[in-house]
Amino acid sequence: MSAAAAVGDPRTELLDCCGGLNNVDYSKVDLAPMEELLKRINFKDSGFCLAVIAIIFNPLFWNLVARWEHRTRRLSRLFGSPHLACYCLGFVIILLNVYRSHSVTVAMKAQPRWDAMDQPVIFYAGVALMVLGTLMVVTSFLALGFTGTFLGDYFGILMEEKVTGFPFNVTENPMYWGSTANYLGLAFIPFTEQIYQQRSRRRKLE
C-alpha cells in the first residue's frame, strides 16, 4: 500500500493536532455516568431551585452593583464615603452568602441518597475539603483585608501593591477555589451524617 493510500484511509489518517475539540467523536462519548447522576437529582424540589437561584444571583448581583458603582459613584455619594459604601456592600454580600450556604445545605439534605457514598472515607474527605477551603478563604481575607475582599477597587480603594503571598502564590483565585472546596465538602458531610443518623435510629428500633 502506498503512503498516499495510507493517508487516505480513515483508519490510519493522522489527526490534526490543532483541530482541538473538532477532532473528538462525540458519538463515542460514554454519557452513562452523567445520566446516572442526573437521575439522582430531584430538579422539582423547591429547595433545589432556591439553591440554584442563590448560586446564580449572588455573584451576578455584587458584580453588577460593583460595576455600576465604578461607573457612577452613586453608592459612595449616597453613603458619603467610598469606604462606608464598600463596607455596606460587603455586609450585604456576607448576608447573601449566609443564605446561599443555608439554601445549599437544605437542598442537599432533600435530595435522593446514593449508596456509593455510604462510606466513612467520604465524610472524612468532606471534612478535609472544608478545612482546606476554609484555610484558603480565611488566608485570602487576611491578605486582602475587608475592602480588598469585597470589591474595594471598584470604589476607588486600591491596595498599595499586588498581593503575592500565600495563598495567592498557590493560585490566583484562592477565594473562589476555597469556596468551591467548602461547598463540595459540605455536600459530602450532610449526606454521610444523615446516613449514620438513620442507622442509629434503626438500631434503636431493633
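The shown structure was predicted, so the numbers you read here are calculated from the model rather than taken from an experiment.
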Do you know the tightest heavy-atom contact between [X] and [Y]?
{"X": "L151", "Y": "F155", "value": "O-CD1, 3.3 Å"}
{"X": "I56", "Y": "L60", "value": "O-CB, 3.4 Å"}
{"X": "P167", "Y": "P174", "value": "CG-CB, 3.5 Å"}
{"X": "M175", "Y": "V137", "value": "SD-CG1, 3.6 Å"}
{"X": "R73", "Y": "H70", "value": "NH1-CA, 3.2 Å"}
{"X": "S101", "Y": "T105", "value": "O-OG1, 2.8 Å"}

Open item on the list: Between Y87 and T147, is the side chain to side chain contact (heavy atoms under 4.5 Å, CB included) condition met? List the steps.
Closed with: CA-CA 7 Å; Y87 290 138; T147 56; 3.9 Å; yes

Counting only N and O atoms by type, is there a donor-acceptor contact under 3.5 Å from the side chain of [X] to the main-chain atoms of [Y]?
{"X": "D153", "Y": "G148", "answer": "no"}
{"X": "R67", "Y": "Y154", "answer": "no"}
{"X": "S103", "Y": "R100", "answer": "yes"}
{"X": "N173", "Y": "Y176", "answer": "no"}

Sequence neighbours excluded, which residues qualify as side chain to side chain contact (heavy atoms under 4.5 Å, CB included) partners of [X]?
{"X": "L84", "value": "F79, S81, C88"}
{"X": "S46", "value": "none"}
{"X": "L184", "value": "L129, F188"}

For residues [X] and [Y]: do they belong to one hydrophobic cluster (side chain heavy atoms under 4.5 Å, members Ile, Leu, Val, Met, Phe, Trp, Tyr)?
{"X": "F91", "Y": "I157", "answer": "no"}
{"X": "I93", "Y": "Y99", "answer": "no"}
{"X": "M130", "Y": "Y124", "answer": "yes"}

Supply the atom-to-atom distance [X] [atom1] to [Y] [atom2], rounded to the nearest 0.5 angstrom.
{"X": "F150", "Y": "C86", "atom1": "CZ", "atom2": "SG", "result": "8.5 Å"}
{"X": "L132", "Y": "T180", "atom1": "CG", "atom2": "OG1", "result": "11.0 Å"}
{"X": "E69", "Y": "L78", "atom1": "CD", "atom2": "CG", "result": "9.5 Å"}
{"X": "L50", "Y": "H102", "atom1": "CG", "atom2": "NE2", "result": "9.5 Å"}
{"X": "T171", "Y": "M136", "atom1": "OG1", "atom2": "CE", "result": "6.0 Å"}
{"X": "N63", "Y": "W68", "atom1": "CG", "atom2": "CH2", "result": "15.0 Å"}

TODO: Measure up the F61 and F57 rings against each other and bin them: parallel (under 30°), tilted (30 to 60°), perpendicular (over 60°).
DONE: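 Taking F57 first and then F61, their aromatic rings lie parallel (interplane angle under 30°).
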
Task: Validation row: F168, L144 side chains within 4.5 angstrom (heavy atoms) - done: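 When only atoms from C-beta onward are counted, L144 and F168 do touch, with a gap below 4.5 Å.
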
Open item on the list: Is it the case that atom CZ in F166 sees more than 12 heavy atoms from other parts of the structure closer than 6.0 Å?
Closed with: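 Enclosed.
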
- [ ] Kindly determine whether L75 and V65 satisfy side chain to side chain contact (heavy atoms under 4.5 Å, CB included), including the steps that lead there.
- [x] CA-CA 9 Å; L75 289 178; V65 171; 3.7 Å; yes

